[in-house]
Amino acid sequence: MIVILKSGVSQNKIDDFISGVKEKNLDVHISKGAEKTILGLLGDTSKLDPEDFLVNEIVESAERVSAPYKMASRSFHPENTIVTVGSGSGVTACKIGDGKTVPIIAGPCSVESEKQFLDAAIAVKKAGGRILRGGAYKPRTSPYSFQGLGPEGIRILELAKKETGLPICTELMSATELKYFENVDLIQVGARNFQNFDLLKEIGKFGKPVLLKRGLSGTIQELLMSAEYIMANGTEQVILCERGIRTYDGYTRNCLDVSAVPYLHKVSHLPVVIDPSHACGIRWMVPVLAQAAVAAGADGLEIEVHCNPEKALSDASQQLPPQMFEELCQKLNKYAAVEGKTI
């Protein structure tokens, strides 16, 4: 349920109203706009009648929210959320969802060695990438495939962050590994874990910005409900990621759902990025899908870049060499400029 307060209401009256709501064993999510304050009531509101709130002089309107997700809903939070990734000395913070930029999160699929990742990180920064990505922990279909370097991979990511000044993004697979993520700027939840609800709860409590990927066959509503788990446990800085879903056709690795971008922007205030690398799994197609993502209004991109893709230990066929990535960044800047944005 949402309650919209009248403009010009004193903070004391708002605080008194919120206290009364909390006495009904409900939590309150506060969203302050330029003119009005919107209160999202969280909990069992089934026995409450919206009309009962209208007798209060500070209430303009009250209505139920039909969507099962609340905190992720634009009804609760009409203004776009801007997620800030990166902080601290020597780090260039990146804003995602500000409507002015389309930042690129880029780097190898896996952190394979110190030299491999540092070379890629330098190439990413040179081309215009804003956040470094790389898997220290890798969920692989085969138990015999490269699983990542674990804590050593995190150390290399932190070193690249220090060398380049760019924030770092890497995937978390288990809550027991959170102790290694103190210096990670953006925690990625992979497609295979997007409904690992216990993990989502712990990530929410951890407090870092989160990049939440849509599951292999996940619906839009399921993606938003997973975001709700993270937000309900304390972290409201969530980025939604469309990375392609499985269909009956197999000519690409997955099928990129470009229509997810405008729809998510309609129903949710959270920023939306697209991962064209996993969407197709084919190197030459990545630039085309990246251009489509910018045209569709994506708030950012996640692209895999490797200095020697043919020798990559994972996802070799979809990673771009540095020169190809640099050419793509130049082209994407032209696409973004049409909407008055930059990458």
Where do [X] and [Y] come nearest, in terms of heavy atoms and distance?
X      : Y      : answer
Leu149 : Ser113 : CD1-N, 4.2 Å
Gly281 : Ser317 : O-OG, 3.1 Å
Ser174 : Leu172 : O-CD1, 3.1 Å
Ser314 : Gln319 : O-NE2, 2.8 Å

Cationic N near anionic O, under 4.0 Å, [X] to [Y]:
X      : Y      : result
Lys70  : Glu228 : no
Arg253 : Asp315 : yes
Glu182 : Lys208 : no
Arg214 : Glu242 : yes

Sub-4.5 Å side-chain heavy-atom contact between [X] and [Y]:
X      : Y      : answer
Met71  : Leu42  : yes
Leu216 : Ile245 : no
Asn254 : Arg246 : yes
Ile18  : Ile14  : yes
Leu118 : Glu163 : yes
Glu63  : Ile2   : yes
Leu5   : Leu39  : yes
Ile274 : Leu256 : yes

With rounding to the nearest 0.5 Å, note down the distance linking [atom1] in [X] to [atom2] in [Y].
X      : Y      : atom1 : atom2 : result
Tyr69  : Phe76  : OH    : CZ    : 12.0 Å
Met285 : Thr252 : CE    : OG1   : 6.0 Å
His306 : Phe325 : NE2   : CZ    : 14.5 Å
Asn233 : Glu236 : CG    : CD    : 11.5 Å
Leu313 : Glu112 : CG    : CD    : 3.5 Å

Would you list the pairs meeting side-chain hydrogen bond (donor to acceptor under 3.5 Å, both in side chains) in which at least one residue belongs to [range], sequence neighbours left out?
range            : answer
residues 146-162 : Glu114-Arg155, Glu152-Arg155, Glu158-Asn183, Lys161-Asp185
residues 83-96   : Thr84-Lys95
residues 334-343 : Gln291-Tyr335

Look at the side chain of [X] and the backbone N and O of [Y], then say whether any donor-acceptor pair between them is shorter than 3.5 Å.
X      : Y      : answer
Asp52  : Val55  : no
Ser277 : Glu304 : yes
Ser268 : Arg74  : no
Thr235 : Met231 : no
Thr219 : Glu222 : yes
Thr164 : Ala121 : no
Gln318 : Ala279 : no

Using a cut-off of 6.0 Å, state whether more than 12 heavy atoms not belonging to [X] lie near its atom [atom1].
X      : atom1 : value
Gln11  : CD    : yes
Asn25  : CG    : no
Lys179 : NZ    : yes
Lys6   : NZ    : yes

same_hphob_cluster([X], [Y]) at 4.5 Å side-chain heavy-atom cutoff:
X      : Y      : value
Val124 : Met324 : yes
Leu240 : Ile203 : yes
Ile239 : Met225 : no
Val85  : Leu157 : no
Leu212 : Val184 : yes

Linked hydrophobic residues, Ile82 as query - side chain contacts closer than 4.5 Å: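 Direct or chained contacts put Ile82 with none.
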Of all pairs that satisfy ring-ring contact (aromatic ring centres under 6.0 Å, His included), the ones with a partner from residues 216-248, not counting sequence neighbours: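 Pairs touching residues 216-248 that pass the test: Phe197-Tyr229.
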Test log, rule salt bridge (Lys or Arg N to Asp or Glu O under 4.0 Å), inputs Lys13 and Glu57: CA-CA 10 Å; Lys13 289 186 177 180; Glu57 62 177 1; 3.1 Å; yes
Stepwise side chain to side chain contact (heavy atoms under 4.5 Å, CB included) check, Glu327 with Lys331: CA-CA 6 Å; Glu327 291 170 355; Lys331 185 174 289 187; over 6 Å; no
Identified side chain to side chain contact (heavy atoms under 4.5 Å, CB included) partner of Leu301 from the options Leu289, Leu332, Leu328, Asp275: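 Only match with Leu301 under side chain to side chain contact (heavy atoms under 4.5 Å, CB included): Leu332.
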Leu186 and Ile168: CA distance, side-chain angles, deciding distance, side chain to side chain contact (heavy atoms under 4.5 Å, CB included) verdict: CA-CA 6 Å; Leu186 180 62; Ile168 52 176; over 6 Å; no
Trace of the side chain to side chain contact (heavy atoms under 4.5 Å, CB included) decision for Ile96 with Leu211: CA-CA 11 Å; Ile96 298 180; Leu211 177 69; over 6 Å; no
Can you confirm whether the side chains of [X] and [Y] place a donor and an acceptor under 3.5 Å from each other?
X      : Y      : answer
Asp299 : His265 : yes
Tyr137 : Glu177 : yes
Asn12  : Ser10  : no
Asp249 : Thr247 : no

His269: partners by ring pair (Phe, Tyr, Trp, His ring centres under 6.0 Å), with sequence neighbours left out: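 Partners of His269 under the ring pair (Phe, Tyr, Trp, His ring centres under 6.0 Å) test: His77.
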Among Lys213, Arg130, Arg243, the one residue meeting salt bridge (Lys or Arg N to Asp or Glu O under 4.0 Å) with Glu302: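 Filter result, single survivor: Lys213.
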Val21 vs Leu41, side chain to side chain contact (heavy atoms under 4.5 Å, CB included): CA-CA, chis, key distance, verdict: CA-CA 8 Å; Val21 171; Leu41 309 190; 3.7 Å; yes
